[in-house]
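Take a look at the structure set out below.
The residues of the chain are indexed from 1 along the displayed sequence.
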Amino acid sequence: MKTKMLLLAMMALMAMTACTKDDSETLLSKDYDNNQDLPMFEYDGTKDFAFWPTPSIDDSGLQGGGYDFAYWQQHKAEAESVEAMMAMCNIPKDLLKAMSTRNLVITCSNYPYNAIFGAYNDAYKGFLGTIVDFNGYAELMKRKGGLQATLDLYAELDGRALDISFTRFQPWTFFVCSAVDHKVLSNEQVARLAQVVTSRFNDGTKDTNLAFTYLLGGFIAYHYDTTLPDEQLYLLKTYIRFACQLPPVNRPDDRISTIIESSLNRLGSVD
């Protein structure tokens with residue numbers, strides 16, 4: 001079923017991006033329903049968890065150490081369900097409250113279940129549902145320094161390294177995508193992130209990691225490049241929705257990649 005869905009998605013995207021001049025005129029005449037200020041995806045929060053709320057926790061003086069998931073390591077064999085194993089990963093409250101935001105962001109990136117998004121038919125939705133079950137992410141998104149720490153860690157991850165691609169690089173890219181989709185970045189953060197993403201297009205980043213890099217670039221272009229015409233926004237939105245559900249393993253076709261590259265070059269050149 002997943003293979004069939006992937007083929008259908010690829011066929012639809014190919015049809016969308018292989019437009020003739022007449023096709024483009026037809027696209028331009030339709031109602032695109034593009035709203036760059038609204039998320040492209042639904043983020044079902046709970047009373048205890050909300051994606052990227054207005055930060056309320058002053059973390060400037062926090063210096064506590066990180067968490068190594070030792071309890072989970074020692075007791076996971078005792079769990080009777082996946083949910084029970086995941087619950088074992090939650091950070092003890094006293095440790096969480098004192099943990100520095102730098103150590104918290106590293107702890108979140110090491111969360112043992114980050115990578116199970118690959119087991120879902122809808123990968124991005126699966127990732128979002130997974131992190132809701134971990135108290136580290138909820139805390140991180142409430143901290144005033146949480147967003148910048150998230151972006152800093154993304155800039156440090158090496159997309160050329162295969163050994164961390166599925167466990168760290170790809171899920172962390174999804175997490176950054178969620179911040180971009182909520183449009184919580186400042187202009188300076190957008191410019192810096194655009195520069196980081198652009199630098200990875202030709203630096204030897206591995207194929208699947210490169211596909212995730214372009215996906216993040218698509219999110220950035222869609223939400224922050226106000227110069228894009230409706231047709232290109234529509235193509236980006238279509239590409240992003242398919243790629244989030246069934247992540248590609250290679251860079252997008254030339255039309256999509258050119259839109260993303262050109263857009264990030266503009267956004268990254270802002271002083």
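Annotation: side chain of Lys206 is not in contact with side chain of Phe169 (no heavy-atom distance under 4.5 Å). Counting only heavy atoms from C-beta outward, the side chains of Ile220 and Ile260 never approach each other to under 4.5 Å. Put simply, the side chain of Leu38 does not reach to within 4.5 Å of the side chain of Lys183, judged on heavy atoms.
One finds the CG atom of Asn110 at 11.5 Å from the SG atom of Cys89 (value rounded to the nearest 0.5 Å). Here the OG1-CG distance, from Thr150 to Leu140, works out to 4.0 Å after rounding to the nearest 0.5 Å.
Close placement of the Phe49 and Phe51 rings is indicated, their centers lying within 6.0 Å of each other. For an aromatic pair to be called close, the ring centres must be under 6.0 Å apart, and Tyr137 with Phe175 satisfies this. Remark: aromatic rings of Tyr111 and Trp172 are distant, center separation not under 6.0 Å. Proximity of the aromatic rings of Phe212 and Phe174 is defined here by a centroid distance below 6.0 angstrom, and this criterion is met.
Within 6.0 Å of the CG atom in Asp58, the count of heavy atoms belonging to other residues, nucleotides or ligands exceeds 12. For CG of Asn250, the number of neighbouring non-hydrogen atoms (other residues, nucleotides, ligands) closer than 6.0 Å is greater than 12. Crowding of Gln73 atom CD: a count of heavy atoms from other residues, nucleotides or ligands under 6.0 Å exceeding 12.
Closest of all the heavy-atom pairs between Leu236 and Ile256 is CD2-CG2, 4.5 Å.
Just one of Gln36, Gln232, Arg266 meets the side chain to side chain donor-acceptor pair (under 3.5 Å) condition when paired with Asp225; it is Arg266.
Donor-acceptor pairing under 3.5 Å is recorded for the side chains of Arg251 and Ser257. Side-chain N/O atoms of Asn265 and Glu261 include no donor and acceptor closer than 3.5 Å.
Ionic pairing of Arg143 and Glu139 is present here: one or more N-O contacts between side-chain nitrogen and carboxylate oxygen are shorter than 4.0 angstrom.
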**OP:** Go through Trp52 and Leu147 one step at a time and tell me if the side chain to side chain contact (heavy atoms under 4.5 Å, CB included) criterion holds.
**Re:** CA-CA 9 Å; Trp52 298 107; Leu147 175 59; 4.0 Å; yes
**OP:** Quick one: do Asp133 and Tyr113 satisfy side-chain hydrogen bond (donor to acceptor under 3.5 Å, both in side chains)? Show the steps, please.
**Re:** CA-CA 10 Å; Asp133 294 318; Tyr113 293 100; over 6 Å; no
